[in-house]
Amino acid sequence: MDKTDIWSENMSNTPVTAQPSNDAHTLLKQYGCGPIPFSGTDNAFYERHFVFDKVLDKRESTARDQFEAFARSVRDVLSQRWVLTEQIYGRQNAKRIYYVSMEFLIGRSLANNVTNLLLDPLIQDSLKQKKLDWIELIEQEPDAGLGNGGLGRLAACFLDSMATLQLAAMGYGLRYEYGIFKQSINDGWQEETADNWLRHPDPWEVARPNEAVEIKLNCSFELHNGVLRAIPGRPSTMIGIPYDRPVVGYGGKTVNTLRLWAASAADYFDFREFSGGDFVGALAETLTAETLTRVLYPDDSTSFGQALRLVQEYFLAACSVADLIRRFRKHNSDWNLLPEKVAVQLNDTHPALTVPELMRVLLDEANLGWETAWDLTRRTLAYTNHTLLPEAMEKWPVAWFELMLPRHLQIMLEINQRHLDAVRTKFPGENERCTRMSLLEEGSPKKLRMANLAIVGSHSTNGVAALHSQLLRTTTLKDFGEMFPDRFNNKTNGVTPRRWLLLANPALARNITEAIGDGWIRDLDQLIKLKPLAEDCAFLAAIRKSKYQAKSEFANWLLRTSGVKLDPDTIFDSQVKRIHEYKRQLLNALRIVVLYNRLRQNPELAMAPRTFLFAGKAAPAYHFAKLVIKFINNLAGTIEGDPVVRGRLRVVFLPDYSVSMAEHLIPATEVSNQISTAGYEASGTSNMKFMMNGALTIGTRDGATIEMAEAAGEENFFLFGLTADQVSQNRTWYSPRWHYENEPETRAALELIFSNHFSRHEPNVFEPFRQLLLDKGDYYMHLADLGSYLAADQQLTALYKITDAWASKAVLNVAHAGRFSSDRTIAEYAADIWDAKPCPVS
Ligand SMILES: *Cc1c(COP(=O)(O)O)cnc(C)c1O
């Protein structure tokens, strides 16, 4: 088709060529499409993006151009639906749900949107016509890595579920120009480079400068030799510009919005003010403002308290409050309706400044009295806690608020005064309780505690798995549990089965659909229908075959993308997640050293050949975690070079873990390692992804793994190690040295490491392991659990030999994974916290 044809086609607004099938036609009509974009030989929709968006001859286009044109064609399909969704929410004056999060670990969107729009059959046709390679097209899209790990991925899964459940929901986050850093491995060490994911224009996002909001701070900033400095007493204004991304519910009926804020300087300079000559200074300030949303902080479960991060957090809270209040006021005149029409979920304390910001708006802009403003604020907001780790608890110096946000400080101090009065009334004479529950932490510098603020300023505080919620209520937040028993609840996390099963594992998804129909995609509990098939030899054979297929596909992908060759006839045993002491990648490595020692001592030993897969990033300043990465890489290298074990044990560290890598690796995995020190992993979500992909779990009784084992039956899990109770009771007398002295295999493994067997050219590089594990008390109790880990491992490899028994347990795991759909989690939030009903877009 030449350009004239496209032009006339565009003008006449009629499809040019072959008629699509009736089904396709109906489907696309439902999306409100004019011309049919993906049908027959019609290239108009796709090609017009080359000509009209890029002003480019298609023959000159690169793979990236083709991705952009294709993605824009998919966006064309959903655009009218997207507009309609917002129209219907407005017309119905639906209760709006706002999920506010500093992180959304989205990954890629093209294949996900095609799947959720049910466009797969049309697309396959269209690709053939256009002679496009789907895999190559998909891989042109960078991962949107706007998050660190589980917390950010949870937010992304929740968006999918909220749209699928037809809730009038919106996500609010920041449009970081640089997402989570790219990890490479050099000489075994992690290196970080910037993730410039917006280098090319993003085909999904829609900038809406007309809906920009103004954010005021009581100081200005300047960059001085790369350091951000505040200039007190010179108020400044920043502009938040929304960039919207579509969130397609499965079935394509609801298209919700993820609204990401980009910071920009006020675009109207007061030139009179600067006519004194500081024109350049004013432009430099522009630069500073635009620095604000430049980069995601790469720290998982740790808060370093940098000032720029606090401004980021305030910026998210303030932009989101301004936007949701504007939308509320468009449809409602009575402020008292706020909690009936709006529910805001704070994903951890990162957006906790939403509390004083909403209070400020209700007091100073709506001119409500304190009591009314406070009642409305509390009934509108809800808070999710994600961790018990003390180093993750956010606290900010009071002095910073004095400088930047004095009005907010005033409001928070008033909140605190009234809160402590209530505590004193309920628990008279308990001064220490008041000290613990205060929003203020005395000391120098004096700090504000964000968790206390979020609990006091909301009507709901939830943990993310049963054990975590219980520990919150009874230990970490005991005082608050006693003060506000009705506020505490549990919402066990989930993951979306669309991305993590339907899309990631087509072979298994096909098995399941052939056996029980496709109802599971929207209602994952239907997987229970697979239970009787755990005894069905033909089905077990099919399951084994699809696992082998996933392993081969993963191996092919890895070979193609990194040149690493895997043997799909070995057991694939994975631990992929952020590298953190509490997650105990070091314990896994110690297990492998013990197995390696066994083979070295007895080369004749029968041992099923295994591939141990690791992936994960360490925070750039977390030196110990980086040393663990170094150790895993050295372990891999040493084993590779040892003829005694070559082909029997293999360790592979895959650099740059991401959502896309997880989508390839998880379906291929047979053994999922979930081995955190009990009581420290709030929930975990990769555990669920593995379970629904038919991996068996070897793990501790921690987070949601406990509930997974409960659902499937402990006999279908390989649980080991101390329980959370035992961990806390044993703390006082636990002796890692005892294990070193009394367990020969533990001792031999450590001796091998300390003898520089894995660091021949870098003597003593792993000495910090000796300090951590033996001299400093082994806080995360690696040595306490190593023995039982090995025992569980032995049972697991014994079972693997009995192929039908293994497949049968895999089927039982899949059959009981229904509860771990984020659809179930979101249905619980909607019913218990948000009081929200579906608002169908029909
Ligand atoms: C699911 C997921 C996580 C969370 O993994 P956990 O094992 O629960 O910590 C982190 N990163 C990515 C890319 C994920 O997909």
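Whatever order the structure lists them in is the order used to number ligands and atoms, beginning at 1. Sequential numbering from 1 along the given sequence is applied to the chain's residues.
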Which part of [X] is near ligand 1, with near meaning a heavy atom under 4.0 Å away: side chain, backbone, both or neither?
| X | result |
| --- | --- |
| Lys583 | side chain |
| Ser683 | neither |
| Phe690 | neither |

Among protein heavy atoms, which sits nearest to [atom], and what does the distance come to when rounded to 0.1 Å?
| atom | result |
| --- | --- |
| atom 1 (C) of ligand 1 | Lys689 NZ, 1.3 Å |
| atom 6 (P) of ligand 1 | Ser686 OG, 3.6 Å |
| atom 11 (N) of ligand 1 | Tyr657 CE2, 3.5 Å |

May I have the step-by-step check of salt bridge (charged side-chain N to carboxylate O under 4.0 Å, His left out) for Lys617 and Glu192, ending in yes or no? CA-CA 9 Å; Lys617 294 173 185 177; Glu192 303 94 20; over 6 Å; no

May I ask you to check whether Lys577 has an N/O atom sitting below 3.5 Å from an N/O atom of ligand 1?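 Checking ligand 1 against Lys577, an N or O pair does fall under 3.5 Å apart.
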
Provide the number and element of each atom of ligand 1 under 4.0 Å from a heavy atom of [X].
| X | value |
| --- | --- |
| Ser658 | 13 (C) |
| Trp500 | 15 (O) |
| Gly149 | 10 (C), 11 (N) |
| Gly150 | 3 (C), 4 (C), 10 (C) |
| Thr685 | 1 (C), 4 (C), 8 (O) |
| Gly684 | 8 (O) |

Quick one: do Glu663 and Arg108 make a salt bridge, cutoff under 4.0 Å?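 No.
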
Pair Arg819 + Glu710: basic N to acidic O under 4.0 Å: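 Here Arg819 does not pair with Glu710 in a salt bridge, since their nearest N and O are not under 4.0 Å apart.
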
Does the cation-pi check pass for Arg473 over Phe488, that is, NZ or CZ under 6.0 Å from the six-membered ring centre and within 45° of its axis?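 Arg473 over Phe488 ring: no.
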
Partner of Tyr99 under side chain to side chain contact (heavy atoms under 4.5 Å, CB included), chosen from Ile826, Leu154, Leu167, Asn256: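 Going through the options one by one, the only one that passes is Leu154.
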
Quick check, are the ring centers of Phe304 and Tyr297 under 6.0 angstrom apart?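 No: the rings miss the under 6.0 Å criterion.
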
So, Phe720 versus Tyr789, ring centres under 6.0 angstrom or not?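 Yes; Tyr789 has its ring centre under 6.0 Å from that of Phe720.
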
Let me see the working for Arg499 and Asp160 under salt bridge (charged side-chain N to carboxylate O under 4.0 Å, His left out), right down to the final yes or no. CA-CA 9 Å; Arg499 184 179 289 265; Asp160 181 274; over 6 Å; no

With side chains defined as the heavy atoms from C-beta onward, is the minimum distance between Thr293 and Arg175 less than 4.5 Å?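 No, too far: nothing below the 4.5 Å cut-off.
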
